[in-house]
Amino acid sequence: MSWIISLVIGGLVGWLASLVMKTNDQMGCIANVLVGIGGSLLGYYLAGLLGMAPTGGILRFIVAVGGAVLLIAILRMLGLFKKT
């Protein structure tokens, strides 16, 4: 059951990041989930490198969305997403 919740939250995180980066038209549901989960991992990794340990649901969610936004920016630089 927990992996289903992870997929749903990953989709939400990816969708919010795609809205922020204005790539929502280019991304589908599966891309949102993948970017959300990958971006969450990236955000938590970078937060750990900076010595921050996000505690609490809201702060963890913000770090996840920030990581997903960074992942979309990296993917845009690699040419996977067009700038609209």
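All figures in this text were calculated on a predicted structure; none of them were measured in a lab.
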For residues [X] and [Y]: do they belong to one hydrophobic cluster (side chain heavy atoms under 4.5 Å, members Ile, Leu, Val, Met, Phe, Trp, Tyr)?
| X | Y | result |
| --- | --- | --- |
| Ile5 | Tyr44 | no |
| Leu75 | Met27 | yes |
| Ile58 | Trp15 | no |
| Ile37 | Trp3 | yes |
| Leu78 | Leu70 | yes |

Which residues share a side chain to side chain donor-acceptor pair (under 3.5 Å) with Ser18, sequence neighbours left out: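 By the side chain to side chain donor-acceptor pair (under 3.5 Å) rule, Ser18 matches Asn24.
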
Under the side-chain contact (heavy atoms from CB on, under 4.5 Å) test, which residues partner Leu34, sequence neighbours left out?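 Partners of Leu34 under the side-chain contact (heavy atoms from CB on, under 4.5 Å) test: Ile30.
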
Considering residues at least two apart in sequence or located in another chain, which fulfil the side-chain contact (heavy atoms from CB on, under 4.5 Å) criterion with Leu50?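 Only Met52 meet the side-chain contact (heavy atoms from CB on, under 4.5 Å) criterion with Leu50.
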
Looking only at heavy atoms, which two atoms of Gly36 and Ser40 are closest? And how far apart?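 In terms of heavy atoms, the two residues are closest at O-OG, 2.7 Å.
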
Output side-chain donor-acceptor pairs under 3.5 Å for residues 59-68, partner residues at least two apart or in another chain, one line each.
none

Just wondering, do Leu46 and Leu49 contact through their side chains at under 4.5 Å, heavy atoms?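 Result yes, sub-4.5 Å side-chain heavy-atom pair found.
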
How long is the gap from CG on Leu16 to CG on Asn32, to the nearest 0.5 Å?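 Interatomic distance, Leu16 CG to Asn32 CG, rounded to 0.5 Å: 9.0 Å.
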
Keeping the roles fixed (side chain from Arg76, backbone from Leu71), state whether a donor-acceptor pair exists under 3.5 Å.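 No, Arg76 side chain to Leu71 backbone: no donor-acceptor pair under 3.5 Å.
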
